[in-house]
Amino acid sequence: MIIPEATTNHDHHGFSSIDKAKLTDLVKSKDLELLRDFNGVQGLAEALQTNLEDGISSQDTERRIMVFGSNTSLSRPKAFSSFLVEAFKDTSKLLQLVFTAISLGFMIKQKRSKQVWNDGGSIFVDVLIIALSALAKFIQARQFHQLSKKINKIIRIDVLRDRGRRQKISIFDVVVGDVVVLNIGDRIPADGLFIDGHDHSLLVDESSMMSTGKSGRFIEIDAVTNPFLISGSKVIHGNYARMLVISVMTTTSHDSDDQQTTLQSLLNKLTCSISKVACLDSFIDLLGILIRYFSGNTKDFDQNGIDIIPFVISNMMAIAEGLSLAFTVGLMYSTKGMMDDQAIVKKSSACEAMGTATFICTHKTGTLTMNQMEVTKFRLGLDHEFEDDSTTVVACEQVLHLFHQGVGLNTTGSVYKSGNTFDYSGSPTEKAIMSWGIMNLGMEMEKLKNDYTILHAEAFSSEKLRSGVLIRKKDDNTIHVHWKGAAETVLAMSSNYYQNNGHRMSLNHDERTHLEKVIEEMAASGLRCIAFAHKQIPAEELKHNKDGKALDQEGLTLLGIVGIKDPCRPGVKEVIDTCRAAGVHVMIITGANLSTTKAIATECGILEVGSDVSNNGVVIEGKEFRNYTEEERMDVCDKILVMARSTPSDKLLMVQCLQKKGHVVAVTGHRANDEQALREADIGLSMGIEGTEVAKESSDIVIVDDDFGSIGKGLSWGRRVFHNIQKFIQFQLPPNLAALAVNFISDASGKGSPLITSVHMLWVNLIMLALCALALATDQKPTKELIKKPPVIGAHALRVTSVVWRNLLAQSLYQIIVILLIIFFNVNERVRNTMFFNTFVFCQLFNLFNSRKVEKMNVFEGVHKNKTFLGIVGVVIVLQVVMVEFLNIFVADMEKLNMKQWGICIAFAALSWPIGWFVKMIPGALSYLRWRVVDLPQSKEIHLEVDKLKMCNDAREVEQERKRREKGKGVVRYDDVKRIDETIIMV
């Protein structure tokens with residue numbers, strides 16, 4: 001063996017003959033000559049002290065990291081300065097600051113020192129408000145950076161270590177010398193060399209490594225002409241391939257989630273519009289002042305006009321930035337809540353989108369079921385059936401040997417024996433079958449590997465629903481083909497069957513019909529039916545087939561059928577009922593047998609027990625759906641509850657049809673071929689346990705525990721984002737509306753200066769932005785009442801509902817009345833101004849409690865459980881006391897208050913509670929909603945006329961109304977239903 005640049009440095013820890021730089025260049029340059037210098041893959045493995053069959057020892061990883069480095073990825077979020085720069089790029093915000101600075105200049109010229117201190121400080125506070133918004137976005141970016149690290153930790157890959165034991169490790173724990181097992185959907189974790197595989201080759205996609213980023217750069221990998229596997233490439237085809245890791249690296253990247261959510265986009269437009277209004281108002285006011293001054297109409301600047309500029313700007317900026325900050329803080333809290341509920345959000349838009357979802361298309365295995373599979377029934381021949389209480393299968397030796405071959409060699413799983421215990425690896429289906437083969441059939445995996453040679457393997461695919469293997473028996477060189485897959489598929493390929501005594505019988509029509517009925521009965525009981533078939537091939541026939549890759553699919557002999565039980569997850573029925581009450585439809589899209597899927601759907605509550613779904617299009621197969629015309633698909637897509645025997649392309653087609661009808665679609669996926677559907681859907685949900693790396697990369701949210709219940713909780717957190725916006729609007733608008741109204745009345749009455757100054761509003765807005773937004777955002781977890789509301793269409797999130805208008809207008813009116821009443825207090829002006837300010841602030845503090853519950857009477861429910869909320873309330877009280885009692889010397893026209901005056905302020909503010917309670921007793925002006933069905937003779941559609949409007953508190957009413965009309969006359973158009981839903985949301 002030729003070893004390039006051998007050295008004897010002891011620092012190499014036993015790898016003195018290996019040049020690290022040569023290993024790195026080997027894969028990058030794809031240099032076959034250099035590989036030959038190492039005596040091929042086997043020679044390089046020996047130099048790396050790796051046994052290609054058993055892998056390395058887990059105790060040896062530290063030494064390898066010291067010599068060759070670790071396989072790590074260093075990602076960094078954007079710096080705070082970049083968010084700050086982006087915040088100040090807005091021209092309208094800069095103009096607002098300019099106008100405030102001009103106002104400050106006028107005050108300095110007039111030598112109004114205290115007003116200069118007050119309103120001059122407003123520039124600093126305005127900047128601080130913008131900086132707070134940038135800080136919230138920076139914290140959000142760091143949060144998503146941490147979530148990204150969590151996702152990377154759950155991405156695991158199979159390696160052979162500790163005498164050939166197949167085990168899952170993090171991709172960041174892979175070291176040089178590791179033997180990695182690759183399957184479809186895996187991403188190559190490090191640079192390496194192809195060893196072997198069931199197909200003797202791999203098809204990988206190297207497009208992610210190209211600078212253009214275009215997909216479709218497929219490269220065939222084999223052990224002779226091109227064994228080089230590049231880190232980051234994606235396995236497109238080929239199962240149970242093995243690679244030798246020869247180079248690891250540390251990569252650095254910058255996390256970025258610059259994609260704006262729908263609500264963020266709307267908020268940005270609103271912020272821009274409000275800023276423009278503030279600039280226009282300030283410009284007109286400033287222009288009027290200049291015209292009067294330079295025209296000689298006044299010898300001094302208009303003091304009231306100057307005062308109003310920072311006041312208007314502060315109000316407008318607080319509203320605009322406050323909404324943005326409230327959304328960001330609420331989104332951060334909801335994202336953290338989803339993570340605690342086993343759903344890791346990869347993109348900020350996904351959390352918001354979950355609140356708008358109207359359809360969830362989910363697969364069956366592992367999401368609705370527990371993914372704990374066990375063979376409970378076995379059918380051998382026509383009459384011999386073994387239940388789960390049978391410890392052994394009684395069959396002749398010949399049939400048992402064939403089963404050993406079909407179970408132990410036609411698989412991507414593996415078994416590691418330690419003493420009397422067995423450790424299985426592979427998919428849950430493979431593990432269940434191998435466990436059954438070892439425990440019930442007496443199969444010995446090591447003996448099988450020694451007695452047979454795998455010539456070729458065909459991997460399982462969701463399109464063909466089967467997998468096959470071509471093997472040669474070493475002692476007599478006989479060639480055998482074994483197939484395993486969906487029972488009805490394998491049965492259709494079979495012409496014969498084995499009896500219990502080993503006799504092979506021809507499969508006639510009646511016997512085939514009998515077995516089809518057996519499969520149907522097993523599937524109807526919720527079992528997943530897998531069949532095994534075999535055929536011995538003459539050596540001459542194999543020689544005739546030169547490439548050896550076309551496995552014989554005709555004239556097979558059926559070995560038997562197994563039924564695998566996968567129980568439903570506890571509580572999944574309640575979650576689906578909750579989704580239905582929330583106006584979210586749940587559809588199963590799976591490749592499983594139709595009868596099996598119907599049984600599971602009934603057990604989960606998606607289908608009603610005893611319902612006839614044979615002819616109403618609710619339950620179909622993928623083939624039927626794809627063969628529909630475009631018009632037929634659009635007509636039935638949102639009525640389907642179960643689509644069985646479907647392919648990934650069928651799932652993609654369903655998503656596209658639902659989106660065309662205006663639905664917001666969430667789709668689950670765990671295989672590599674789910675990639676397109678996950679990317680196309682509004683929310684892609686990948687599985688953290690069974691999901692491939694490609695699926696996780698293509699998704700928006702990773703469900704860590706694969707449980708459908710976590711998806712249901714995600715809906716609640718998404719709804720909470722929109723509900724939080726309504727709560728913040730109810731809290732923030734009253735002080736701004738009241739302040740504008742009071743100052744308008746003051747100016748119109750000729751009082752001479754604003755009752756509520758810009759400094760007062762800056763203090764209130766600063767408290768709201770920095771503290772109260774956080775208090776409302778972290779106040780409550782999603783409630784049952786919230787999930788029962790219809791999905792919120794994104795554009796409607798910023799539309800203030802009638803309930804919120806009712807609440808905030810009542811509070812605004814009350815605050816206006818209270819502040820104007822204080823004018824008649826028989827106290828000096830400085831005390832009166834202080835009481836204005838103090839009462840105004842405490843009104844907002846008491847209204848903070850009212851804003852906790854938009855519709856409920858009891859605003860104190862659960863408040864004692866939220867220490868953050870109570871802590872923020874306490875901080876606000878302390879700050880207000882400090883402001884009034886100790887910092888009044890820095891604020892114009894303010895004075896300390898005595899205990900009586902403090903009591904009056906708090907008493908007036910506390911009346912916000914009974915007023916809020918009383919207002920919620922007032923019913924909405926729009927109190928009834930009723931639909932009238934108009935039957936048009938020449939149309940099957942139902943046109944809906946809204947006679948009266950009714951507030952619908954439970955989406956179940958809408959669903960019941962839909963069902964009633966569907967049973968009565970024709971089909972309801974989705975556009976009409978959507979319009980009704982939108983009307984309900986607005987009401």
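The residues of the chain are indexed from 1 along the displayed sequence.
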*From the options V490, I564, I561, select the one residue that forms a side chain to side chain contact (heavy atoms under 4.5 Å, CB included) with I530.*
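It is I564, the one option of V490, I564, I561 that forms the side chain to side chain contact (heavy atoms under 4.5 Å, CB included) with I530.
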
Using a 3.5 Å distance criterion without hydrogens, assess whether the side chain of [X] forms a donor-acceptor pair with backbone atoms of [Y].
X: D674; Y: H670; answer: yes
X: E632; Y: T629; answer: yes
X: S710; Y: D341; answer: yes
X: D706; Y: T367; answer: no
X: R645; Y: T590; answer: no
X: D566; Y: N371; answer: yes
X: T596; Y: A592; answer: no
X: R569; Y: C604; answer: no
X: R633; Y: C657; answer: no
X: D700; Y: K347; answer: no

Would a 4.5 Å heavy-atom cut-off, applied to side chains only, mark [X] and [Y] as touching?
X: I711; Y: I360; result: yes
X: E458; Y: W483; result: yes
X: I589; Y: M587; result: yes
X: I701; Y: I344; result: no
X: N593; Y: E488; result: yes
X: Y628; Y: M634; result: no
X: L641; Y: I588; result: no
X: V664; Y: F359; result: no

Answer yes or no: are there more than 12 heavy-atom neighbours, outside [X] itself, under 6.0 Å from its atom [atom1]?
X: E630; atom1: CD; value: yes
X: K464; atom1: NZ; value: no
X: E624; atom1: CD; value: yes

From [X] atom [atom1] to [Y] atom [atom2], the distance as rounded to the nearest 0.5 Å:
X: L715; Y: R719; atom1: CG; atom2: CZ; answer: 6.5 Å
X: S349; Y: L331; atom1: OG; atom2: CG; answer: 9.0 Å
X: L652; Y: N673; atom1: CG; atom2: CG; answer: 11.5 Å
X: K623; Y: D650; atom1: NZ; atom2: CG; answer: 11.5 Å
X: K484; Y: F460; atom1: NZ; atom2: CZ; answer: 9.0 Å
X: F708; Y: C579; atom1: CZ; atom2: SG; answer: 4.5 Å

*Under 30°, 30 to 60°, or over 60°: which ring-plane class applies to H585 and H663, parallel, tilted or perpendicular?*
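Ring orientation, 0 to 90° scale: perpendicular.
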
We want to know whether [X] and [Y] form a side-chain donor-acceptor pair, criterion being a heavy-atom distance below 3.5 angstrom.
X: H363; Y: T668; answer: yes
X: T429; Y: S427; answer: no
X: D707; Y: Q342; answer: no

*Would you sort out whether E516 and R512 count as a side chain to side chain contact (heavy atoms under 4.5 Å, CB included), showing the intermediate values?*
CA-CA 6 Å; E516 288 173 351; R512 186 181 298 275; 3.9 Å; yes

Atom of [X], atom of [Y] and distance for their closest heavy-atom approach:
X: L685; Y: M354; value: CD2-SD, 4.4 Å
X: A487; Y: A531; value: CA-CB, 3.7 Å
X: G714; Y: M338; value: CA-CE, 3.9 Å
X: E690; Y: P428; value: OE1-CD, 3.5 Å
X: A599; Y: A523; value: CB-O, 4.0 Å
X: C361; Y: V665; value: SG-CG1, 4.0 Å

Under-4.0 Å salt bridge between [X] and [Y]:
X: K598; Y: E603; result: no
X: K651; Y: E680; result: no
X: K696; Y: E693; result: no

*Begin with the C-alpha distance, continue with both residues' side-chain angles, and end with the deciding distance and a verdict on side chain to side chain contact (heavy atoms under 4.5 Å, CB included) for T365 and M687.*
CA-CA 11 Å; T365 305; M687 302 297 109; over 6 Å; no

*Would you check, one step at a time, whether the test side chain to side chain contact (heavy atoms under 4.5 Å, CB included) holds for V619 with I640?*
CA-CA 6 Å; V619 177; I640 296 171; over 6 Å; no

*List the steps, then state whether side chain to side chain contact (heavy atoms under 4.5 Å, CB included) holds for R679 with E697.*
CA-CA 10 Å; R679 292 188 184 276; E697 184 185 82; 3.9 Å; yes

